[in-house]
Every structure is written in C-alpha cells, then in structure tokens.
There are 2 protein chains.
Amino acid sequence: MSRNDRLRLDNQLCFALYACAREVTKLYRPFLDELGLTYTQYVTMLVLWETDEIPVKTLGQRLHLDSGTLTPLLKKLQAAGLIIRERNAADERSVIVRLTEQGRALESLVLEIPDKVLCQTSLPLEELSLLREQLHKLTETIHQSEYSNLD
Amino acid sequence: MSRNDRLRLDNQLCFALYACAREVTKLYRPFLDELGLTYTQYVTMLVLWETDEIPVKTLGQRLHLDSGTLTPLLKKLQAAGLIIRERNAADERSVIVRLTEQGRALESLVLEIPDKVLCQTSLPLEELSLLREQLHKLTETIHQSEYSNLD
DNA sequence: TAAAATTAAATTGTATACAATCAATATACA
DNA sequence: TGTATATTGATTGTATACAATTTAATTTTA
C-alpha cells in the first residue's frame, strides 16, 4: 500500500469498525426506544439476564466499561425499577447488581429484537456469524496485549 | 439457536462490534495523545487530508456524524489551529472546512500510526483486510436500508 | 499488627453521539 | 413576485465513554 493510501479513511479498519458499530446501534434504537432503554442499558440487561447478582466490577469486565460509565447508567436502571444495587456484605468495596421482578420480566419483550435487527442487514446468517467470530478474536487479541503491557 | 442463546451477549454481532470498535480506538489513544488529537478528531483530519475545503455536510456524510457532533469538534480543531471554518460565499447556509498549514503539516506525524496499531492486533494483513471489507459491506447495506425507510 | 499497597466504586472533567429544535438561507413554483 | 418548502449549521438536552482522582474497605507485608 502506498504512503498515501495508508491514511485513506476507507482503508482504515478502525474507521470501518467505528462507523459500522454506530450504524448497527442505530438499528436497535427504534425497538429500544419503545422499552425506554438505551443501547448501553440494553447490553447491560443482557448480561444481567445471563448472570444475575453480579458485581459492578464483573459487569464492567464483561462489557468493557468502567465505573465512570456504569455507575450513572446503573443508577438510571435502578430509578427505572429494573435493578437493585447493594453493597456486598462479605466485601463492602463491592456493589452487587440484582434484577427486580420488573427487570426480569423485561427479557420477554426483548427476545425478538436481535432477529428483527439482523433481518435488516440482509446478510446470510452464516456470514454474520463469521464476522462476529472474527471480531471476538480481534477484541480478545487486543485485550490480551493490553494486559501484557502492564509489565 | 435456542430461545435462550439468542440473547446471549456473546452471540450478539452488535456487541462484538461495539466492544471491538472501542478496543481498537483505545489502541490509538497513546499515539494520538502525543499529538493532542482525540480519535474522532483524527478521523476528521483523515478526511481533510484526502479532501480539503469540504462542507460540514459532506464531512458528516463521510464520517456518519451530524452537526451536533461535528460543530463543537470542528471548533476545537479550529482553536488548535489545524483548520479554518468559513461560510461558503456561494451558499451562506454551508460552512466550508479548510486545513491550515499547521493542519496539513500534521499529516506527516500521523503516517506511521495505522501500521503501529495494526501490528498490535497480530492478525495477518489479509485477514484484517477481509474484515474491513465485510464491515464496509454491512455498513453500506444498513445505510441503504435507512434511506429506503424514508418513504 | 500497624503501615503500605491494592482493590472497588464513585466522582470529576472532557469529549463525543445523536435526537430534536431553531434560525438563516436558498429554491420552487403558483 | 411572493410565499411555502427544503437545506444547512448551530444549539440544546440526554446519555454515554473514559482518564484521573478520591474514598472506603481489604489485603499484604515489614
């Protein structure tokens, strides 16, 4: 690749990711708006539906988000009646997030959303699945290299 | 895929994109910090190095960003002396963004960054290139479907 | 075991994102 | 021509992201 081409926006993997992530997120918005959830709140709920009673720390590791993002977001979910936050009695430094009945019930209203969104991409399921695996791999590799940089 | 699996975070293409995009962006931060640029400011500069003297509107289409994001960002780039913003004399509704000498000079300091970042992903170039193409395709498909929804 | 180091959240400050609205300008067309 | 419509940026308000710092609790260690 020539010196010039290397900086072309369309040759940047980072920009392809950045733009694509935002476009896909936009597809979720109309569905999530109906439920009063933002996209980040939605993925947070996905984790909680998988693993209830989880420390903020673990939630952050799962979502690649820190407390600066999660604390205000979780306060909003709590204000909406979907979760409860309480200190871990065994270790008061830790805050445990727990679903309310209402929070648990919301899962059934969300079940169809991923399919509806994927349909709009009009790509074969297999291709989407492959893409997802490649992204996981890349994310993991980067994450590993970040940890190894802590030496 | 079972009813349960469909909502698993790790099965969501959207989350794979969302997390991966943020991880890759983080790889740029140390390099961009040295130059006093944020990631969004960096991709904005990439467009300007390709196409100088561009309306805000076109810049937004290229970056998939609207004026709510671009206006304050461009004011910061102007304050940093990298660009000039001026109304188009031929159409006063439009604002033209133009590089300063300093803005143009910055390109040479950025040339090596993409390679340095990609190295850290330790993926074969060919694989990265394929991934980029798939993302472009997906982004375009979504974008098209958004336009067709305007009926 | 008391001081030092570590850990987990919360807080603070800066910079996006983006929907919704507004204001200025330009265009269409009756 | 004169007005309705459309276009372009700017503004406002809400919600992330994330670095850096602070606070409180726990663990390590001299």
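What you see is a predicted model, and the numbers here were worked out from it, not measured in a lab. The chains referred to below are lettered A, B, ... by the order of the sequence lines, with proteins before strands, and numbering in each begins at 1. Just so you know, these numbers use all the heavy atoms, side chains as well, and skip hydrogens, waters and symmetry mates.
Look at B:Ser94 and you'll find a side-chain N or O under 4.0 angstrom from OP1 or OP2 of D:dG9. Taking only side-chain nitrogens and oxygens, B:Arg22 never comes nearer than 4.0 Å to OP1 or OP2 of D:dT16. Listed pair B:Thr40 / C:dA17 meets the phosphate criterion, a side-chain N or O lying under 4.0 Å from OP1 or OP2. Between C:dA10 and A:Arg85, a contact under 4.0 Å exists linking OP1 or OP2 to a side-chain N or O. Between B:Lys75 and D:dT11 there is a side-chain polar atom (N or O) within less than 4.0 angstrom of OP1 or OP2. Taking side-chain N and O atoms only, A:Lys76 has a distance below 4.0 Å to OP1 or OP2 of D:dT16.
With sequence neighbours left out, A:His136 forms a ring pair (Phe, Tyr, Trp, His ring centres under 6.0 Å) with no residue at all.
In this model, no side-chain donor or acceptor of A:Ser67 finds a partner on the base of C:dA8 within 3.5 Å. A donor N or O paired with an acceptor N or O is not found under 3.5 Å between the base of C:dA15 and the side-chain atoms of B:Thr38.
Mapping A:Thr71 and B:Gln41 onto DNA chain C by nearest heavy atom places A:Thr71 at the nucleotide closer to the 5' end. If A:Ala89 and A:Leu73 are placed on DNA chain D by their nearest nucleotide, the residue sitting closer to the 5' end is A:Leu73.
Ring-plane geometry between B:His64 and B:His143 is classed as perpendicular, the angle between the planes exceeding 60 degrees on a 0 to 90 degree scale with a lower cut at 30. Taking the six-membered ring where the residue is Trp, B:Tyr28 and B:Tyr42 present tilted rings, their angle falling between 30° and 60°.
In the set D:dA19, D:dA6, C:dA9, D:dA6 carries the atom at the smallest distance from any side-chain atom of B:Arg93.
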